[in-house]
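Before any comments, here is the structure.
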Amino acid sequence: FATCDVEYYHRQQMLFLDFLQAGLVARKQSKVNWDPVDMTVLANEQVIDGRGWRSGALVEQRELTQWFLRITDYAEDLLGAIDRLDNWPDKVRTMQRNWIGRSEGLRLRFGFEPNDRLSATSVEVFTTRPDTLFGASFIALSPDHPLTAELAADDPRLDEFVAECRRHGTATETIERGEKKGYATGIHVKHPLIEGRTLPVYVANFVLMDYGTGAIFGCPAHDQRDLDFARAYGLDVIPVVLPEGADPVAFTIADEAYTGPGRIFNSALLDGLTIDEAKEKVAAILEAVTLDGGPQAVREVNYRLRDWGISRQRYWGCPIPIIHCETCGVVPVPKKDLPVILPEDVDFDRPGNPLDRHPTWKHVDCPHCGRPARRETDTMDTFVDSSWYFARFTAPDAEDPTDPQMANAWLPVDQYIGGIEHAILHLLYSRFFTRAMRKTGHLDMAEPFKGLFTQGMVTHETYQTEEGAWISPAEVIVETDGDTRIARQAETGRTVHIGSIEKMSKSRKNVVDPDEIVRTYGADTARWFMLSDSPPERDVQWTEAGIEGASRFVQRVWRLVGEARTIRERADSAQATAIDKDQLLPLLKATSRSIARVGEEIENLRFNKAVAHIYDFANAISRFTAEENCPGSLWGSKDHIQAVDAAALALVQLIAPMMPHLAETCWQELGKEGLVADAAWPEADPAYLSDDTIALPVQVNGKKRGEITVPVDADRAEVERQALSLDAVARILDGKPPKKVVVVPNRIVNVVA
RNA sequence: GCGGGCGUGGUGGAACCGGUAGACACACAGGACUUAAAAUCCUGAGGGGGUAACCCCGUGCGGGUUCGACUCCCGCCGCCCGCACCA
């Protein structure tokens with residue numbers, strides 16, 4: 001990731017200005033919870049009266065102007081296109097779908113009963129369940145709702161309730177306990193479809209201001225939260241959805257809301273409809289009703305996805321190229337004045353944003369009117385940097401952010417490999433950026449990454465002393481005593497506790513120093529070990545034994561190559577003896593098959609299987625490189641030498657992607673010019689990829705009882721005859737004819753007794 | 001709570017689209033080489049029973065579909081991950 005690179009930041013600032021011009025940037029003012037020590041915005045952390053404590057740090061509320069990228073403009077597109085990312089893991093696709101969180105519903109207005117406390121005459125709610133409107137028994141406003149503020153102005157107890165909510169509102173324990181708290185405002189609204197019915201208006205701690213309209217109608221019978229709330233405040237619970245087969249008279253809600261399918265009842269004109277039909281009908285009716293000069297209901301799609309706040313009050317990051325002028329307002333830095341460069345004489349000793357505190361940096365003249373003005377001191381989130389580097393990389397020297405021709409030629413990235421931790425943020429931001437950059441003409445495609453692969457992490461056991469201090473594997477000696485393992489601290493000899501296997505991290509100290517590994521075993525061994533055994537999407541457990549095993553294989557390849565060379569050196573004196581060529585077949589087949597299989601496995605990123613095939617291949621070769629194992633008549637013949645030579649070369653080429661250093665050395669050892677890396681991938685001889693005969697397992701009642709060897713594509717009757725003549729089969733049949741014989745050509749025979 | 005995934009020997013893991021479960025490797029045991037050790041090579045091994053040929057059981061648990069199920073379906077149990085008062 002090319003962060004903190006002036007050249008790159010220069011282009012990123014250009015891009016930001018292009019986005020600004022294209023209407024992709026928003027500037028929002030908001031009250032945020034702010035940690036002046038950590039310099040972070042803690043929108044969701046606990047705040048007590050504007051000043052509170054969070055992990056030892058002082059938290060305060062602040063008015064901040066923040067910069068946002070309008071990712072929500074692309075919510076629908078980003079969501080819909082997920083379906084077409086078919087080379088992405090389902091897990092990541094699901095995570096992105098959930099993150100965007102689309103829900104279809106109705107924005108619906110409830111008119112207030114006459115009162116003299118509110119300026120508005122109606123309140124708007126968002127619901128995905130308009131079908132349950134007849135089950136509504138209350139309205140709940142978010143503590144942060146503007147109407148709540150109006151009501152709190154002349155109601156000190158409500159004011160106190162709101163403060164209370166702010167204190168606990170979003171603290172994790174409150175959410176986990178799920179405790180529903182509310183305050184009855186005394187205000188009522190009219191039910192839109194039931195003449196004369198009114199609903200009380202509450203302020204409730206579980207209603208979020210930043211989703212929907214910040215207000216809901218509660219239908220306790222069919223929503224768990226509403227039910228909990230209704231039970232706590234003695235509100236009506238009116239079931240309006242009847243499960244299939246339930247008795248409308250006897251059906252009641254106890255302490256679990258019914259959210260399943262069914263037919264609408266207790267709902268006058270909606271009775272008997274399905275949920276979907278009822279939703280449609282309510283929408284249609286209320287769309288046509290006029291309230292306060294507009295329709296009472298509007299169909300609306302809501303997203304969980306928020307605009308992307310890119311403002312960071314930190315030093316490290318790309319400066320946002322904006323100047324604030326008292327006269328001209330927000331003025332973009334002219335492109336000719338870019339890049340805006342971070343000052344180097346900054347002071348981190350005191351809390352706060354060093355850019356803001358810097359004595360001179362932020363003071364500039366307005367590019368418009370020339371009067372003294374102030375630089376924006378926010379820097380961009382580093383996710384901005386990582387959202388488009390792949391596009392920049394297609395033309396790293398371009399004056400503009402990209403060279404569209406190059407970008408379009410190279411992109412999208414065919415195969416992206418990264419950790420699952422980027423499933424949402426980085427990968428979603430990059431998808432958004434690609435669309436945004438299409439709008440600004442920097443490239444022309446929607447999706448940046450065609451294929452995605454999420455690889456696992458390297459894990460290791462953890463070790464802890466009796467005092468609970470973490471110690472690193474390097475300081476520990478593990479002994480095995482039968483099936484128990486005892487770990488001791490090398491220095492003191494004291495036993496240490498062997499803890500769980502976790503992702504390597506500094507805090508747990510379960511880290512193995514890569515330099516150490518490379519020094520002891522070499523880079524190839526380390527690489528080989530990581531690729532063998534575990535499928536790449538899964539975590540690999542780093543073990544001493546595992547790396548030893550890998551190291552042994554490195555030695556083994558080297559020995560094999562040496563033996564192959566020795567055999568070849570006798571080529572001149574070799575006799576073209578008349579040999580039984582069939583004896584060479586296993587080696588020839590192994591060579592061709594290994595080439596085919598390993599290639600295929602690598603293509604599909606199944607490196608662990610590629611490794612297994614390579615082991616197989618090495619085993620096959622060694623049967624021909626030692627005189628005592630090799631069929632006698634072959635030894636030293638030209639055919640033998642040729643086959644061993646070809647096999648050794650193939651082996652070297654097959655390991656090359658995974659153990660490049662070893663492979664190059666072996667390549668030279670075998671007398672080849674140039675680099676393996678430059679050589680074409682070896683070709684499998686199709687003649688050796690198929691067999692003339694095949695071993696066919698024979699089952700009786702689904703249990704394997706024997707095996708027959710038959711020609712490939714053998715006649716069904718012949719296969720059946722041979723299968724039935726097997727001793728084991730005949731014994732079980734005991735003279736009786738089989739009920740049935742299933743012959744799956746070239747696969748299996750199953751005799752049903 | 002919602003969503004997704006996983007469960008196979010002592011261990012990491014194979015098994016294509018329903019067709020020989022345990023490839024390959026690690027660890028282990030026995031043997032060869034060696035004065036000895038290391039390294040290397042050979043052999044063995046899912047569990048149980050049997051001198052043996054062989055038999056029984058076996059992919060988290062319980063059912064089902066099928067000639068045949070690690071694989072498909074239904075119901076549980078356990079673990080992991082993501083989101084989470086989203087109306």
Side-chain angles (χ1 to χ4, degrees), chain A residues 89-99 101-103 105-106 125-129 132 140 142 169-170 172 174-180 204-208 210-219 222-226 228-229 257 259 302-305 420-421 423-424 480 482-483 529 532-535 537-541 543-550 552-553 555-556 559 606 608-619 622 626 628-629 695-707 727-728 731 738-744 746-753:
Chain A
D90 286 340
K91 183 185 169 76
V92 174
R93 297 206 283 170
T94 308
M95 281 165 74
Q96 291 211 351
R97 273 191 207 104
N98 293 344
W99 188 260
R102 180 184 201 272
S103 56
L106 211 57
V125 304
F126 175 73
T127 179
T128 56
R129 295 297 303 270
T132 64
S142 164
T170 47
T172 8
T174 317
I175 294 169
E176 267 161 25
R177 244 183 296 123
E179 203 179 343
K180 305 286 180 287
N205 66 343
F206 64 94
V207 182
L208 306 174
D210 60 1
Y211 186 80
T213 62
I216 59 160
F217 82 74
C219 175
H222 305 291
D223 182 288
Q224 194 58 46
R225 290 156 306 167
D226 296 349
D228 295 343
F229 188 77
T259 55
N302 253 298
Y303 300 92
R304 207 189 73 100
L305 185 68
I420 188 73
E421 68 272 22
I424 297 173
T480 28
D483 44 355
F529 168 60
S532 47
D533 292 358
S534 270
E537 68 274 16
R538 226 179 283 188
D539 290 348
V540 198
Q541 197 197 339
T543 63
E544 205 52 34
I547 188 83
E548 291 280 356
R552 239 171 294 161
F553 184 68
Q555 304 301 327
R556 183 149 180 237
R559 264 199 318 277
R606 292 187 292 244
N608 59 319
K609 285 157 92 184
V611 166
H613 291 313
I614 290 174
Y615 275 121
D616 265 337
F617 186 29
N619 289 342
S622 27
E628 62 271 27
N629 300 329
L696 220 49
V698 178
Q699 299 181 327
V700 179
N701 296 332
K703 232 171 232 178
K704 189 195 168 191
R705 296 293 170 175
E707 212 169 64
D727 278 354
R731 194 167 351 107
K739 286 207 188 89
K740 189 175 172 186
V741 179
V742 182
V743 177
V744 183
N746 302 328
R747 261 263 132 87
I748 205 162
V749 182
N750 191 14
V751 178
V752 185

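Each chain gets a letter, A, B and so on, in the order its sequence line appears, and its residues count up from 1. This is a predicted model, so every value here is computed, not measured.
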Mind listing the N/O atom pairs, protein and nucleotides 55-59 of chain B, below 3.5 Å?
unit_1	atom_1	unit_2	atom_2	d
B/C55	OP1	A/Arg705	NH1	3.1
B/C56	OP2	A/Arg705	NH1	3.4
B/C57	OP2	A/Lys703	NZ	2.9

- [ ] Determine the interatomic distance between C1' on B/U66 and the same-named atom on B/C72; round to the nearest Å.
- [x] 10 Å
Open item on the list: With no hydrogens and no angle check, just 3.5 Å: does a side-chain donor-acceptor pair link A/Tyr211 and A/Ser103?
Closed with: yes
Open item on the list: Is there a side-chain contact between A/Arg102 and A/Asn302 in this structure, where contact means two heavy atoms from C-beta onward sitting under 4.5 Å apart?
Closed with: no
- [ ] Assign each of A/Asp223 and A/Thr94 to its nearest nucleotide of RNA chain B by heavy atoms, then name whichever residue's nucleotide is nearer the 5' end.
- [x] A/Thr94
Open item on the list: Could you tell me if the side chain of A/Val749 sits less than 4.5 Å from the side chain of A/Val742, heavy atoms only?
Closed with: no
- [ ] Answer yes or no: is there a side-chain heavy-atom contact under 4.5 Å between A/Asn608 and A/Ser532?
- [x] no
TODO: For B/G62 and B/A14, measure between their P atoms and round to the nearest Å.
DONE: 25 Å
Open item on the list: From C-beta outward on A/Arg304, which listed nucleotide comes closest to its side chain: B/A87, B/C16, B/C83?
Closed with: B/C83
Open item on the list: Using a heavy-atom cut-off of 4.0 Å across all strands, would you classify A/Ser532 as base, sugar-phosphate, or nothing?
Closed with: nothing
TODO: Looking only at side-chain atoms of A/Pro535, point me to the closest of B/A14, B/C85, B/C86.
DONE: B/A14
Task: C1' gap between B/A23 and B/G9, integer Å - done: 13 Å
TODO: With C1' as the reference atom in both, quote the distance from B/A69 to B/C85 in angstrom, rounded to an integer.
DONE: 43 Å
Task: Counter-base of B/U71, judged by Watson-Crick or G-U geometry with both distances under 3.5 Å - done: none
Task: Side chain of A/Val207 - closest among B/A87, B/A21, B/C85 - done: B/A87
- [ ] For A/Arg93 and A/Asn98, test the side chains for any donor-to-acceptor distance below 3.5 angstrom and give the result as yes or no.
- [x] no
TODO: Go through the side-chain N and O atoms of A/Ser622 and A/Arg556 and say whether any donor and acceptor fall under 3.5 Å apart.
DONE: yes
- [ ] From the options B/C26, B/A21, B/A14, select the nucleotide whose nearest atom is closest to the side chain of A/Arg538.
- [x] B/A14
TODO: Could you give the distance separating B/U59 and B/G46 at their C1' atoms, to the nearest angstrom?
DONE: 11 Å
Open item on the list: Just so I know, are the side chains of A/His222 and A/Thr132 near enough to count as touching, which here means a heavy-atom distance under 4.5 Å?
Closed with: yes
TODO: Using Watson-Crick or G-U wobble geometry with both distances below 3.5 Å, tell me the partner of B/A21, or none.
DONE: none
TODO: Could you tell me which residues satisfy side chain to side chain contact (heavy atoms under 4.5 Å, CB included) with A/Lys739, sequence neighbours excluded, listed by chain and number?
DONE: A/Val752
Task: Spacing of A/Phe529 atom CZ relative to B/A27 atom P, expressed in whole Å - done: 11 Å
Task: Whole angstrom value for the distance that separates P of B/A87 from NZ of A/Lys180 - done: 14 Å
Open item on the list: Could you tell me how far B/A21 sits from B/G7 if I compare only their C1' atoms? Round to whole Å.
Closed with: 16 Å
Open item on the list: Using the side-chain heavy atoms of A/Arg559, tell me which of these nucleotides is nearest: B/C41, B/A87, B/G13.
Closed with: B/C41
Listing time: all N or O pairs from protein to nucleotides 22-25 of chain B that are below 3.5 Å?
unit_1	atom_1	unit_2	atom_2	d
B/A25	OP1	A/Asn619	ND2	3.1

Task: A/Ile748 side chain, from C-beta outward: closest of B/C86, B/C81, B/G19 - done: B/G19
Task: Identity of whatever pairs with B/U40 - Watson-Crick or G-U, under 3.5 angstrom - done: B/A32
- [ ] Just jot down the side chain to side chain contact (heavy atoms under 4.5 Å, CB included) partners of A/Ser534, sequence neighbours excluded, or say none.
- [x] A/Val540
Open item on the list: Nearest whole Å is fine: how far is B/C16 P from A/Asn746 CG?
Closed with: 18 Å
TODO: Just compare B/C83, B/G4, B/G13 and give me whichever is closest to any side-chain atom of A/Lys91.
DONE: B/G4
Task: ring pair (Phe, Tyr, Trp, His ring centres under 6.0 Å) partners of A/Phe617, counting only residues at least two apart - done: none
Can you give me the N/O atom pairs linking the protein to nucleotides 65-69 of chain B at distances under 3.5 Å, or say none if there are none?
unit_1	atom_1	unit_2	atom_2	d
B/C67	O2'	A/Asn750	ND2	3.0
B/C67	O2	A/Asn750	ND2	2.6

- [ ] Pick base, sugar-phosphate or nothing for A/Arg97, based on heavy-atom distances below 4.0 Å to the nucleic acid.
- [x] nothing
Open item on the list: Let me spell it out: for each of A/Glu707 and A/Ser534, pick the nucleotide of RNA chain B with the closest heavy atom. Which residue's pick is nearer the 5' end?
Closed with: A/Ser534
